[in-house]
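The next block holds one structure in the form of structure tokens; read it before the comments.
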Amino acid sequence: MNKKSVKDINVTGKTCLVRVDFNVPIKDGVITDTTRIEGAVPTIKYLIGKGAKVILCSHLGRPKGEFNLKYSLKPAADKLGEYLGVKVKFAEDVIGPAAKKAKAEIKPGEVVLLENLRFHNEEEANDKDFCKTLSEGIDVYVNDAFGTAHRAHASTAGVAQYGFLKTAVAGLLIEKELEIMGGALEAPKRPFVAILGGAKVSDKIGVINNLLEKVDTLIVGGAMAYTFLKALGKNIGASLCENDKTELAKELIKKAEVKKVKFLLPVDNKIADAFSNDANQKIAEGNIPDGWQGLDIGPKTIAIFTAAIKDAKTVIWNGPMGVFEFENFAIGTKSVAEALSKIDAVTIIGGGDSAAAVTQLGYADKMTHISTGGGASLEFLEGLELPGVACLNDK
Ligand code: AMP
């Protein structure tokens with residue numbers, strides 16, 4: 001990574017504003033998935049171990065610029081305290097008297113979490129005055145929120161971009177995300193296989209384009225696949241399709257040929273006569289009859305996809321192979337997750353639904369890396385510069 005991290009600077013005694021991603025699901029005041037909080041622990045432990053004064057900030061949900069107790073980060077402060085084994089103080093505002101007092105009183109090795117940044121519209125608007133106030137009393141900016149690194153908001157980029165915090169470095173989580181995904185893209189062990197699925201081709205055009213420059217095999221499943229199959233002249237029945245993207249799909253298939261990338265699409269599908277777990281269902285080879293829709297890949301496709309995975313030395317996966325939320329149409333996604341869990345290769349799961357599937361199936365610790373940012377990892381795989389990274393100090 002060509003950006004400095006917390007390890008490249010002296011943080012002892014410094015007041016650090018650390019942007020973390022504590023955008024966690026909360027039900028009745030209880031955090032139901034603590035993955036993101038756990039993800040930030042190494043950086044925070046590192047900083048307190050060095051005697052830094054740690055001021056954490058994050059967003060949570062979409063409170064639309066107003067204080068709303070439902071979106072308070074207080075439960076995250078308590079949960080983080082359990083992981084750190086030290087009390088995490090909570091400031092009940094972001095730039096108000098509570099935050100000011102916390103910044104003034106914090107001692108080396110202590111941790112304070114500020115209230116939800118998005119209680120201020122200025123956060124997402126990347127407002128300069130807001131950045132200035134947020135930066136007051138701070139010596140060092142640390143960005144460790146990979147999940148929002150593709151956004152240019154006040155706390156994810158602005159405070160450094162505008163020059164209020166001149167020392168701006170990555171936390172250990174962002175450093176790890178960039179090293180693993182960047183390493184796979186720049187110097188992959190081959191064969192390098194990318195697996196893309198999910199709802200829309202249009203969301204992943206840039207990713208496909210960029211990956212076609214790098215991979216040996218591109219596997220496309222999920223609803224996305226039907227736009228490609230239609231472009232190849234297949235009947236796809238009532239399956240999801242982006243009709244305005246079929247020409248582009250043809251171009252991408254052509255590009256794969258030119259680049260000598262193996263492009264694998266479903267050869268059979270599990271189809272249904274309605275979008276429901278309990279609809280009539282059957283396997284269709286090749287064409288899908290009118291009135292039926294593909295909701296998962298079929299058994300022959302599973303065999304072809306998993307065979308390609310078996311030989312791979314690097315795999316990047318983003319997006320489910322079917323409507324995995326329906327038990328009857330989850331087998332394609334499950335089979336891909338299982339195949340990945342068994343290989344001796346660098347396996348990278350690009351956040352979102354595929355990360356959830358791998359975790360639910362109990363394969364999380366079998367993967368090299370599960371990205372903490374769905375949108376950010378997609379933009380990274382697309383080859384785009386993430387504002388939350390671009391604003392950090394070069395090495
Ligand atoms: P994405 O956010 O683009 O990764 O899309 C994930 C969504 O795609 C999931 O909610 C899946 O249910 C949906 N999906 C995957 N395959 C299909 C399909 N064959 N038909 C309809 N939806 C699908």
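Counting convention: from 1, in listed order, for ligands and their atoms alike.
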May I have a table of the N/O to N/O pairs between ligand 1 and the protein that fall below 3.5 Å, each row giving the two atom names and the distance to 0.1 Å?
{"from": "ligand 1", "atom 1": "3 (O)", "to": "Ala199", "atom 2": "N", "distance (Å)": "3.1"}
{"from": "ligand 1", "atom 1": "4 (O)", "to": "Lys204", "atom 2": "NZ", "distance (Å)": "3.2"}
{"from": "ligand 1", "atom 1": "5 (O)", "to": "Ala199", "atom 2": "N", "distance (Å)": "3.0"}
{"from": "ligand 1", "atom 1": "8 (O)", "to": "Ala199", "atom 2": "N", "distance (Å)": "3.3"}
{"from": "ligand 1", "atom 1": "10 (O)", "to": "Glu325", "atom 2": "OE2", "distance (Å)": "2.5"}
{"from": "ligand 1", "atom 1": "12 (O)", "to": "Glu325", "atom 2": "OE1", "distance (Å)": "2.6"}
{"from": "ligand 1", "atom 1": "12 (O)", "to": "Glu325", "atom 2": "OE2", "distance (Å)": "3.3"}
{"from": "ligand 1", "atom 1": "16 (N)", "to": "Ala223", "atom 2": "N", "distance (Å)": "3.1"}
{"from": "ligand 1", "atom 1": "19 (N)", "to": "Gly294", "atom 2": "O", "distance (Å)": "2.9"}

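With sequence neighbours excluded, no residue satisfies salt bridge (charged side-chain N to carboxylate O under 4.0 Å, His left out) with Arg62. With sequence neighbours excluded, the residues forming a salt bridge (charged side-chain N to carboxylate O under 4.0 Å, His left out) with Glu213 are Lys255, Lys259, listed by chain and number.
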Please report the C-alpha distance between Phe275 and Phe326 in whole Å, then the side-chain angles of each, then the deciding distance to 0.1 Å, and finally whether the side-chain contact (heavy atoms from CB on, under 4.5 Å) criterion is met. CA-CA 10 Å; Phe275 187 78; Phe326 294 161; 3.7 Å; yes

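Scanning both residues, Asn318 and Ser377, for their nearest heavy atoms gives ND2-OG, 4.4 Å. When every heavy atom of Pro266 is checked against every heavy atom of Ile297, the shortest pair comes out as CG-CG2, 3.9 Å.
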Taking only distance into account, with no hydrogens and no angle test, what donor-acceptor pairs under 3.5 Å do side-chain atoms of residues 17-28 form with protein atoms, sequence neighbours excluded?
{"from": "Arg19", "atom 1": "NE", "to": "Ser155", "atom 2": "OG", "distance (Å)": "2.6"}
{"from": "Arg19", "atom 1": "NH2", "to": "His59", "atom 2": "ND1", "distance (Å)": "3.1"}
{"from": "Asp21", "atom 1": "OD1", "to": "Asn23", "atom 2": "N", "distance (Å)": "3.1"}
{"from": "Asp21", "atom 1": "OD2", "to": "Arg36", "atom 2": "NE", "distance (Å)": "3.4"}
{"from": "Asn23", "atom 1": "OD1", "to": "Gly61", "atom 2": "N", "distance (Å)": "2.8"}
{"from": "Asn23", "atom 1": "ND2", "to": "His59", "atom 2": "NE2", "distance (Å)": "3.4"}

